[in-house]
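A quick write-up on the structure given underneath.
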Amino acid sequence: MSKVAKKKKASTQTMARKLVADASPKSLVAEQYRTVRTNINFSTPDKELKSLIVTSSSPGEGKSTTAANIAIVYAQEGKNVLLVDADMRKPTMHYTFHTANTTGLSNLLTRKWKLADVVKETKIDGLTLITCGPIPPNPAELLGSKAMDMLIDQLVEDYDIIIFDAPPLLSVADAQILSNKCDGAILVVNAGNTQKASIQKAKEALDSSKANILGVLMNNFVLEKDHYYYQYYGAGE
């Protein structure tokens, strides 16, 4: 592996490991993830939300880190949470939680393994994980399969909430397919970098798949120092 490839891989792993909701639960960022959790809960007052997809318009916007931290704050609330790495093209959750990716979602969807064989415990109480598993040649077909429908039906019976980390919307069709099967979708936007046209196209993609868009999460948004939250929590958290 070249030095450039190694550096890129290390960067991906470092970015994926920012579990601030666990490492710094009193920080401003952790509090914002709890606010996201509250807003998700209030977004469906007449229906219990059991499955959620987190995606973005393009790569590098922080959707995987966001999915992991949302899963953590739900577990901290006392929920039985399952986080699923449904990005079967560039998975990162095995880096995030420092675990192997030898078996996972792809094994379940090809019916080579049973659920109990691929679910992994994490160090966070109430949070379990299904990694991607071996990268398949046909991720979109697997996510759109009857096997995926059956798996979701099984998971919603076993867990309080299932959070899927999905690929970016404008790269492949995977997230559109999965968003149609879930109760809600969160679109992650990298504030200051994501083009308005890309956000609009991502929303149109979700609309076309009849996804229930719960909201847009602005990642890497910088608060002014005189902002209320900045003063209340402090810069050192």
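In this chain, residues are counted from 1 in sequence order. Computation of the quantities below employed the complete heavy-atom set of this structure, encompassing side-chain atoms and omitting hydrogens, waters and symmetry-equivalent molecules.
- Atom NE2 of residue H94 and atom CD1 of residue I130 lie 15.0 Å apart, to the nearest 0.5 angstrom.
- Other residues, nucleotides and ligands contribute only 12 or fewer heavy atoms inside 6.0 Å of the NZ atom of K201.
- Looking at N41, D160, N80 one by one, the single match for side-chain hydrogen bond (donor to acceptor under 3.5 Å, both in side chains) with Y74 turns out to be N41.
- For the residue pair S57 and E61, a side-chain donor N or O sits within less than 3.5 Å of a side-chain acceptor on the partner.
- The backbone N or O of A205 sits less than 3.5 Å from a side-chain atom of Q176, completing a donor-acceptor pair.
- I163 is not listed as a side-chain neighbour of L82, based on a closest heavy-atom distance of 4.5 Å or more.
- Put simply, V119 and F164 are part of the same group of oily side chains (I, L, V, M, F, W, Y) that touch within less than 4.5 Å, one to the next.
- Partner of K63 under the side-chain hydrogen bond (donor to acceptor under 3.5 Å, both in side chains) criterion, out of D87, T92, N190: D87 alone.
- Scanning all heavy atoms of the two residues, the minimum distance from V73 to A30 falls at CG1-O, 4.5 Å.
- Counting only distance, with no hydrogens or angles, the side chain of N180 and the backbone of S209 share a donor-acceptor pair below 3.5 Å.
- Side-chain atoms of E157 never come within 3.5 Å of backbone atoms of Q154 as a donor-acceptor pair (strictly under, hydrogens ignored).
- L109 and M93 fall into different hydrophobic clusters, defined by Ile, Leu, Val, Met, Phe, Trp and Tyr side-chain heavy atoms under 4.5 Å apart, directly or through other members.
- Within the model, atoms CG of L178 and OG1 of T55 stand 9.0 Å from one another, a figure rounded to the nearest 0.5 Å.
- Within a 6.0 Å radius of CG in D153, more than 12 heavy atoms belonging to other residues, nucleotides or ligands are found.
- Judged by distance alone, with hydrogens and angles left aside, the side-chain atoms of K50 form a donor-acceptor pair with the main-chain N or O of Y159 at under 3.5 Å.
- Without hydrogens or angle criteria, N69 side chain to T66 main chain gives no donor-acceptor distance under 3.5 Å.
- Side-chain contact between P139 and V172 is absent, with no heavy-atom pair separated by less than 4.5 Å.
- Within the 3.5 Å criterion, the main-chain N or O of D183 finds a donor-acceptor partner in the side chain of S51.
- With D174 as the fixed residue, the salt bridge (Lys or Arg N to Asp or Glu O under 4.0 Å) test singles out one of K181, K90, R89: R89.
- The two atoms that bring L169 and A175 nearest to each other are CD2-CB, 3.6 Å, heavy atoms only.
- Between the side chain of T103 and the main chain of V118, no donor-acceptor pair closer than 3.5 Å is present.
- To the nearest 0.5 Å, atoms NZ (K79) and CD1 (I161) are separated by 8.0 Å.
- Clustering of Ile, Leu, Val, Met, Phe, Trp and Tyr side chains at separations under 4.5 Å leaves M150 isolated, with no partner residue.
- No donor-acceptor pair under 3.5 Å is formed between the side chain of T65 and the backbone N or O of G62.
- Listed here is the closest heavy atom pair of S27 and V20: OG-CG2, 3.5 Å.
- Contact between T131 and K120 at its shortest, heavy atoms only, is OG1-NZ, 3.4 Å.
- In this structure, L206 CG and L214 CG are separated by 10.5 Å, a value rounded to the nearest 0.5 Å.
- In this structure, the side chains of L155 and L115 come closer than 4.5 Å at one or more pairs of heavy atoms.
- Residue K203 places its NZ atom among 12 or fewer non-hydrogen atoms of other residues, nucleotides or ligands, all under 6.0 Å distant.
- Scanning both residues, A71 and L127, for their nearest heavy atoms gives CB-CD1, 3.8 Å.
- Not one N or O on the side chain of R37 forms a donor-acceptor pair closer than 3.5 Å with the backbone of Q32.
- Between A86 and L143, the shortest heavy-atom distance links the atoms O-CD1, 4.1 Å.
- Between the side chain of T99 and the main chain of Y95, no donor-acceptor pair closer than 3.5 Å is present.
- Residues S198 and S58 have side chains that never bring a donor and an acceptor to within less than 3.5 angstrom of each other.
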